[in-house]
Amino acid sequence: MSSDRRKPFPFDVFEPRWQQRWDSEKTFRTPGPGDADFDASKPKYFVLDMFPYPSGAGLHVGHPEGYTATDIIARAKRMQGHNVLHPMGWDAFGLPAEQYAIKTGQHPRVTTEANIENFRRQLKAIGFSYDWDREVNTTDPGYVRWTQWIFLQLYHSYFCEETKKARPVSDLEAKGWTRGQIDAVRLAFVHEAPVNWSPDLGTVLANEEIEEWKAKGHTVERRPLRQWMLRITSYAERLIDELEPLDWPEGIKLLQKNWIGKSEGAEVDFDVQGQKVTVFTTRPDTLFGATYMVLAPEHSLVAQITTPEQKAAVESYVTACASKSDMDRGDLNKDKSGVFTGAYAINPVNQEKIPVWIADYVMMGYGTGAIMAVPAHDERDFEFAQKFSLPIKAVVQKTVARPVPALSEQEPLPDPLPSSPPPKLQANPSPPANQVSSNQGSANEVSASQCSENKAGTGLATAFCEQGFAVNSGFLDGLPTAEAKAKMIDWLEANQLGKRRIQFKLRDWLFSRQRYWGEPFPIIWENGNHAAIPDSELPLLQPELEDFKPTGDPRGPLIKATDWIAYSPTAQRETNTMPQWAGSCWYYLRYCDPKNSDRFISKEAEAYWLGGSGKPGAVDLYVGGTEHAVLHLLYARFWHKVLFDLGHLTTTEPFQKLVNQGLILGEDGQKMSKSVGNVVNPDDVISEYGADSLRLYEMFMGPLEQVKPWSMKGVEGVSRFLGRVWRSAFEENQAGAWSLHPKLSDAPCTDKALRRVVHQTIKKVTEDIGELSFNTAISQMMVLTNALTASATVPLECLHALLLCLNPFAPHLTEEINARLQENFPTLPSGQLCSQTWPQWEESALVVDEMEIVIQVNGKLRDKLTFPSAATDEEIKTAAMASARVQEFVGTGTIVKLISVPKKLVNIVVK
RNA sequence: GCCGGCGUGGCGAAAUGGUAAACGCACCAGACUUAAAAUCUGUUGAGGUAAUUCUCUUGUCGGUUCGAGUCCGACCGCCGGCACCA
């Protein structure tokens, strides 16, 4: 590791010294409400990092990227007079720790502690200004207690549909609801359903987690199990709507919106052999074009409606689907498959008899698990109809076929039974391919081919899925799609054949895991009923187990702790544990009041740190990777809203402003990975170039949000810059000792140009930090440093301004220079830079005596002229016209126009 | 397939609709040195020219404008997310 490279400044000596001092003096301790030294008159600023999962590999260079950004903000905000909450903690439960523990035979607590130790050491070696007194660890009993308490808040609550808020279930008890009725609406509830079970991990996974673990080589299959669920779907609407006022990247907002997946449409009831089958559709306007129906293979009515002739085929298809993995089923490249049930459904709008099929392209988990197929206007239905030669009937066209009478709201809705006789029933379930059952002569009917780019006569080439105008649709004919939808829904509701329905893709959150290293549920089972244990029994910790390997038993490894399970002679503990998300859902709250043993957060701390900004979001700035766009960020918003509804919080959203740092790639432009061997270890960078160089380089690489490759040469570059800053204060003698630079002078700066650069720098750095544009702030400080290097004297006030600006970026170097200067110049402000006041720029120092005006002819640069800054527009224009170069390019042309931009340019338009 | 984001020197990048390439890397040259490293100073988008100059240049094509890297439209390429959601 050691290199013979001479260090440009003695960071190896002073960096650890400053770190120790900050640690022992608790320089960055942040008093809060209730502390004697808390100053409530200052505004608060809560700047948060996504806390790390303390893996065995230690920090990688991606961690310090976001952490340096927030540290710069935190340090600058402190200097600008804020009480800054800037904490760090550990997301320490989770599968990897347990997998590792199983492999090595060590208790996960032991390995987790060691990993945390290492992470903490690494973070301190980068000089982050965290208040380590507020450190939070999700596995601490004092933390687990409140995670379990919040779970019980969910358990004891339901979602009130009228107020759209969580309310205590005691409200329902007061109304006389039965136990069963209440259990059916709790926000934390037990549900038996097919879940994502991973046999080799021995646990179930949330939908959102499947990809991650599959990518790591684990298998996931569907299996019906009894599980704890959280009713996040109740909040779907609010989770979309309340995204609006947040300062999040639009892309992330959209990602969440799409994940929640709101669709507006209708439920329509079909009659299938006397059974009511409800379908969901977003295109009720195409009901007249439904030519068959499809049920998901898992649909509960499949067995009932299947005719004896089709029984064998249907059963074998259902069995085949059940054994298919989600991956196979989701594969879009495969052909559509399905089988006819032998049954027919009656289309309620025209009494047409349509065949009922089952097919795996219809999912049981979305909508009602049944669809009306409109092959003319849905690509998937179209593909299926083509394959199985089902009829295709166009009911929407691009343009209006005839003048439409204005839609009158008073217009009576037609009778459910059309006055015209129903069309002939199709007895044959497999009519000829590509049949288009329209074109029967009515003037306003169009052939399907008119709606597609296909040549007439051969049927449709593709489905027409856009909006248009209804045709072949009885009382909808001529209406644009939006109006046709509304009218059809009105008709369905009026005739009690269906209703308006909003459908979300979001599923309820599968919240239980069958693992050891997680929070046990504070729940007991007695006589088949679940019940909460009293708050006084929290935290409920996992029992000590010798062997915590998964058993393959879906109840999880805790079943081995027989003493622990036995809660009372008649009651047993729940043996499932919570997922890793539980702890990370609320850690930002705990930082505000980390040691409180009476509440998860005191009212006072909550009001100050989370409610103080008057905005919907509690945390002022949250920086982290994109990978949490739909997991952690959605879950935390959900919990926050529940706690808000129940009166425990005063804000509706956890994170006001969110910034995603971009991935740092390896030097080769590839994603960093052990197998490729392009991983950069921050420890190595620190020992070679120092912590300040690491910090500065990561900020100088490019815009924070951008993906960018690592470059050791780049680190060297910023290290050279820091060396120049150092040498603007000190010079080295023959023996290698640093002494005060003779160029330094505590006389006021008389160099106007230098002074202007100083104030430009203060302005730019101040503004750029506010916009998280750290790379450009650093550029400007390089410009100033270059000016100081070139200057014959280095005025102390100029250097001090630079040190203040640079302090949040390179705290060790700047504090060291400042401390040494303080010894020689007693006029300098006392104390560390980090506790001094942020510098102010003077507008008067920015003004220039002379300005350079660009002279363009027809938009092309032809000359540059210098004027006193007081020159008038007329003077400039006259001088511009007089310019020999301008004359040359104007030539014999006529001047059409003269455009003058004050202090910038003159453009002469010549024809 | 759908939804986002991004395309600027050899490289990382900068640029309220107004001098494209600031700052850094790399390269080259000079100063210091016996020499090297370090440091300091300077050169470097491409093409033409004797030239202080000219022409071209922000993925491609078109548009708006006195003026476009920036705004609008179409296309091409790369990256990320979702994926039979009816």
Side-chain angles (χ1 to χ4, degrees), chain A residues 4-8 211 249-255 257-259 261-263 265 279-283 286 294 296 329-334 336 359-363 365-374 377-381 383-384 465 503-507 626-627 629-630 662-663 669 697 700-703 705-718 720-721 723-724 727 731-732 773 775-783 785-786 789-790 852-864 885 888 896-901 903-911:
Chain A
D4 294 335
R5 201 177 62 91
R6 205 127 113 252
K7 294 187 166 59
E211 270 321 301
E250 286 306 317
I252 299 291
K253 286 190 186 180
L254 207 64
L255 222 57
K257 272 186 207 162
N258 292 343
W259 187 266
K262 181 178 178 177
S263 296
V279 304
F280 172 71
T281 177
T282 54
R283 292 295 299 273
T286 62
V294 186
R329 208 172 144 169
D331 186 0
L332 281 169
N333 296 322
K334 76 171 171 59
K336 291 268 181 298
D360 66 357
Y361 81 93
V362 173
M363 310 282 129
Y366 183 77
T368 58
I371 63 156
M372 62 178 214
V374 185
H377 307 292
D378 181 281
E379 272 170 35
R380 296 148 302 178
D381 297 346
E383 194 192 321
F384 191 84
C465 305
Q503 176 68 41
F504 295 94
K505 276 195 241 180
L506 185 70
R507 312 292 160 85
T626 335
E627 67 272 19
V630 287
L663 198 65
Y697 173 65
F700 187 60
M701 290 173 87
E705 296 91 337
Q706 198 163 299
V707 179
K708 41 208 179 284
W710 186 268
S711 156
M712 255 339 160
K713 287 286 185 190
V715 184
E716 233 168 277
V718 294
R720 263 203 286 271
F721 157 65
R724 272 205 298 279
R727 285 192 313 275
E731 63 173 2
E732 196 173 17
S773 178
N775 55 332
T776 52
I778 294 167
S779 300
Q780 182 60 39
M781 290 188 281
M782 286 173 168
V783 170
T785 305
N786 291 346
T789 305
E852 191 185 56
I853 302 292
V854 167
I855 315 297
Q856 296 180 332
V857 178
N858 287 340
K860 290 201 168 156
L861 171 70
R862 295 305 179 191
D863 204 357
K864 293 177 190 177
R885 300 237 338 112
E888 189 185 320
V896 184
K897 220 182 203 177
L898 253 182
I899 287 156
S900 162
V901 180
K903 296 186 179 177
K904 280 246 166 73
L905 63 73
V906 171
N907 188 14
I908 300 157
V909 187
V910 181
K911 229 170 31 189

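In what follows, chains carry the letters A, B, and so on, assigned in the order in which the sequence lines appear, proteins first and then strands, with residues in each chain numbered from 1.
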Non-hydrogen atoms of A/Ala373 and A/Val294 that approach each other most closely: CB-CG2, 4.4 Å
Should A/Tyr361 and A/Glu383 count as side-chain neighbours, where that means a heavy-atom distance under 4.5 Å? no
Options B/A83, B/A14, B/U41, nucleotide nearest the side-chain atoms of A/Thr789: B/U41
Name the nucleic acid region contacted by A/Gln856, choosing base, sugar-phosphate or nothing; use a 4.0 angstrom heavy-atom cut-off, strictly under. base
If the glycosidic angle is within 90 degrees of 0 it's syn, otherwise anti, so just tell me which one B/G9 is. syn
Parallel under 30°, tilted from 30 to 60°, perpendicular over 60°: which one fits the rings of A/Trp710 and A/Tyr697? perpendicular
List the steps, then state whether side-chain hydrogen bond (donor to acceptor under 3.5 Å, both in side chains) holds for A/Ser779 with A/Thr776. CA-CA 5 Å; A/Ser779 300; A/Thr776 52; over 6 Å; no
Looking at B/A86, I'd like to know if its phosphate oxygens (OP1 or OP2) sit under 4.0 Å from a side-chain N or O belonging to A/Tyr366. yes
With a 4.5 Å cut-off on side-chain heavy atoms, are A/Val909 and A/Leu898 touching? no
Atom P, compared across B/U39 and B/C25: separation rounded to whole Å: 10 Å
On RNA chain B, nearest-nucleotide positions of A/Gly251 versus A/Pro709: which is more 5'? A/Gly251
May I ask you to evaluate whether A/Lys904 reaches the phosphate of B/G18, defined as a side-chain N or O under 4.0 Å from OP1 or OP2? no
Starting at CZ of A/Phe504 and ending at P of B/C82, how long is that distance when rounded to a whole Å? 20 Å
Heavy atoms only, 4.0 Å cut-off, all strands: where does A/Val783 land among base, sugar-phosphate and nothing? sugar-phosphate
Determine the interatomic distance between C1' on B/C54 and the same-named atom on B/U49; round to the nearest Å. 8 Å
Looking at every strand, decide which applies to A/Leu255 at a 4.0 Å heavy-atom threshold: base, sugar-phosphate, or nothing. sugar-phosphate
What is the distance, to the nearest angstrom, from the CZ atom on A/Phe280 to the C1' atom on B/A86? 8 Å
Is a side-chain donor or acceptor of A/Asn907 paired with a backbone partner of A/Gly859 at a separation under 3.5 angstrom? yes
Heavy-atom side-chain proximity of A/Arg862 to A/Ile855 below 4.5 angstrom: no
Within the structure shown, what part of the strands sits under 4.0 Å from A/Gln503 by heavy-atom distance: base, sugar-phosphate, or nothing? nothing
Would you indicate whether the side-chain heavy atoms of A/Leu905 and A/Gln856 approach each other to under 4.5 Å? yes
Contact class for A/Pro249 (heavy atom, under 4.0 Å): base, sugar-phosphate, or nothing? nothing
Treating primed atoms plus P, OP1 and OP2 as sugar-phosphate and everything else as base, which nucleotides of nucleotides 43-58 of chain B get B, S or - for protein heavy atoms under 4.0 Å? ----------SSSS--
Distance, P atom - from B/C56 to B/A35, rounded to whole angstrom: 48 Å
Length of the CZ-P vector between A/Arg727 and B/C32, whole Å: 19 Å
Between atom CE in A/Met363 and atom C1' in B/C84, what is the gap in whole Å? 5 Å
Could you give the distance separating B/U33 and B/C40 at their C1' atoms, to the nearest angstrom? 13 Å
Base, sugar-phosphate alone, or nothing: which one does A/Leu254 contact when heavy atoms must sit under 4.0 Å apart? sugar-phosphate
Treating primed atoms plus P, OP1 and OP2 as sugar-phosphate and everything else as base, which nucleotides of nucleotides 24-31 of chain B get B, S or - for protein heavy atoms under 4.0 Å? SSS-----
A/Asn907 side chain near B/G18 phosphate (N/O to OP1/OP2, under 4.0 Å): no
With heavy-atom distances below 4.5 Å as the criterion, would you say the side chains of A/Lys505 and A/Tyr366 are in contact? yes
Keeping the roles fixed (side chain from A/Asp381, backbone from A/Val374), state whether a donor-acceptor pair exists under 3.5 Å. yes
Can you tell me the base-pairing partner of B/C71? Count Watson-Crick or G-U wobble geometry only, both distances below 3.5 Å, and say none if there is no partner. B/G63
Using Watson-Crick or G-U wobble geometry with both distances under 3.5 Å, which nucleotide pairs with B/C6? B/G77
Figure out the NZ/C1' separation between A/Lys708 and B/A14, and round it to whole Å. 15 Å
Could you state the NZ-P distance from A/Lys505 to B/C2, rounded to the nearest angstrom? 14 Å
Tell me the interatomic distance from A/Leu905, atom CG, to B/A15, atom P, rounded to whole angstroms. 19 Å
Students often get this wrong, so: under 4.0 angstrom with heavy atoms, is A/Asn858 touching a base, only sugar-phosphate, or nothing? nothing
Separation of the P atoms in B/U41 and B/C23, to the nearest angstrom: 12 Å
Need the pair for B/A37. Rule: Watson-Crick or G-U wobble, both distances under 3.5 Å, any strand; none if unpaired. none
Trace of the side chain to side chain contact (heavy atoms under 4.5 Å, CB included) decision for A/Thr626 with A/Ile252: CA-CA 8 Å; A/Thr626 335; A/Ile252 299 291; 3.5 Å; yes
Once you apply the 3.5 Å cut-off to both distances, tell me the Watson-Crick or G-U wobble partner of B/U19, or none. none
Minimal heavy-atom distance between A/Cys465 and A/Arg283, with the atoms involved, is O-NH1, 3.4 Å
Using the C1' atom as the reference point in each nucleotide, state the distance between B/A51 and B/A14 in Å, no decimals. 32 Å
Pair assignment for B/C28, Watson-Crick or G-U wobble, requiring both distances under 3.5 Å: B/G42
Considering only atom P, compute the distance from B/U70 to B/U8 and round it to an integer number of Å. 13 Å
Using atom CG of A/Asp360 as one end and atom P of B/A86 as the other, report the distance to the nearest whole Å. 17 Å
Pairwise C1' distance, B/A21 and B/G12 [rounded to whole Å]: 13 Å
Taking the side chain as every heavy atom from C-beta outward, state whether A/Lys262 and A/Leu506 have any atom pair closer than 4.5 Å. no
Indicate whether OP1 or OP2 belonging to B/A86 is found under 4.0 Å from a side-chain N or O atom of A/Ser263. yes
5'-most contact on RNA chain B (nearest-nucleotide basis), A/Glu379 vs A/Thr368, goes to A/Glu379
Any side-chain N or O of A/Gln780 less than 4.0 Å from the OP1 or OP2 oxygen of B/C23? no
